[in-house]
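Chain letters run A, B, ... following the sequence lines, proteins first, then strands; residues in each count from 1.
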There are 2 protein chains.
Amino acid sequence: MTLAPQANRLAFRSFDEAVAALRERGMRLSTARRLALEALFAAERPVSAEWIAERLKIELTSVYRNLEALERNGIVRHVHLGHGPGLYLLVGEGEREYLYCERCGSAQALEPEQLDPVREQIRERFGHRARFTHFPIVGTCAACQVAGGA
Amino acid sequence: MTLAPQANRLAFRSFDEAVAALRERGMRLSTARRLALEALFAAERPVSAEWIAERLKIELTSVYRNLEALERNGIVRHVHLGHGPGLYLLVGEGEREYLYCERCGSAQALEPEQLDPVREQIRERFGHRARFTHFPIVGTCAACQVAGGA
DNA sequence: TACCAATCGTGAATCGTTTGCAGTAGCCAT
DNA sequence: ATGGCTACTGCAAACGATTCACGATTGGTA
């Protein structure tokens, strides 16, 4: 029941760089894989496997297999906001972390540095090195606090 | 895809108090439900629906139904540590929050106050009111940092 | 003690994800 | 270019976690 292993982090911002990274790992660039990668670049937000499969007419199975392979190789990762399917995104787009509002379902993406002070505090108090990349910080967003009163 | 609604929090520490809370909500105390509640009190840690069903020889379906009803009524809640099934626990035992180590799979329970400064900091910076009751704070525990070097 | 809704057990459906298998197609080396 | 090795594909079926539909029970109340 361990979470996704922490593959060495890559950094790329273009499709070509992602392909290069993939090649370095000895992976092939099949049609399905290319399409999936392109879709992830186009999406610019975490998307589900099903979203990719439907939109590209690729077998869902194949999408999962590709996402898993890409994740194993540190090119892709996934997050769980709320319940529902895991959402995939490119590692190269940054190690963004999320604030998820359980009231309205919105997710606010943060650059890692923004949470560093929080991380620091947790580390000091509990010795635990925290990452909010896999699960978001769940709670109530500012707007919903005003709206709902809680 | 919203998370479990925030039912009004109850506070009880004994089985009888839990039953009283349940009665107040117009719920019956069926055999299966009583057994499930007793099991939760006995467990003193988050447990899966399957764990309860197996140990008590209650239909898994019934366990899920009861946990869901109890959760809707604010008597029980569940957490997701890592992947795997949701883990249920009594709300009355406190709003404990968890630090989960993705390396060794251990979970450290914290009393809510212990995380209040962290919460405060998040609130100041992002306006977000954070709760770590549904998803834990994932990362690397102190022991694993020493052992593994990362 | 009889009633009626809440709850039960059984079984089947659903959702998200993984696996097995036989065929196909990237990539590399001639 | 051509051929071969093997990573990959689609299809189908299995999977774990959870939910739903049903008619049979049973807990609480009158």
Tabulate protein N/O versus nucleotide N/O from nucleotides 10-12 of chain D, keeping only pairs under 3.5 Å, one per line.
residue : atom : partner : partner atom : Å
dG10(D) : OP2  : S62(A)  : OG           : 3.1
dG10(D) : N7   : R65(A)  : NH2          : 2.9
dG10(D) : O6   : R65(A)  : NH1          : 3.1
dG10(D) : O6   : R65(A)  : NH2          : 3.3
dC11(D) : OP2  : E59(A)  : OE2          : 2.9
dA12(D) : N6   : T61(A)  : OG1          : 3.2

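Across all strands shown, G86(B) has heavy atoms under 4.0 Å from sugar-phosphate atoms exclusively, and none from any base. Across all strands, E68(B) comes closer than 4.0 Å to no nucleic acid atom at all (heavy-atom distances). L29(A) comes within 4.0 angstrom of the backbone, heavy atoms only, and of no base.
Here the side chain of R33(A) is nearest to one of dC8(C), dC8(D), dA17(D), namely dC8(D). Side-chain proximity of P85(A) to dT9(D), dA6(C), dT17(C): nearest is dT17(C). Nearest to the side-chain atoms of R28(B) among the listed nucleotides dG27(D), dT18(D), dG26(C) stands dG27(D).
Phosphate contact (OP1/OP2 of dT9(D), side-chain N/O of N66(A), threshold under 4.0 Å): present. Side-chain N/O atoms of S30(B) include one lying less than 4.0 angstrom from OP1 or OP2 on dC8(C).
Going from atom OH of Y64(A) over to atom P of dC15(D) covers 18 Å, rounded to whole Å. The CZ atom of R34(B) sits 13 Å away from the C1' atom of dT26(D) (whole-angstrom rounding).
When base pairs are accepted only as Watson-Crick or G-U wobble with both N-N or N-O distances under 3.5 Å, DNA chain C takes part in stems of 3 or more pairs at C:1-12 with D:19-30, C:17-30 with D:1-14.
By the 30° and 60° cut-offs, the orientation of the rings of H78(B) relative to H83(A) is parallel.
Nucleotides of DNA chain D nearest to Y88(B) and T31(B) differ in position, and the one nearer the 5' end is that of Y88(B).
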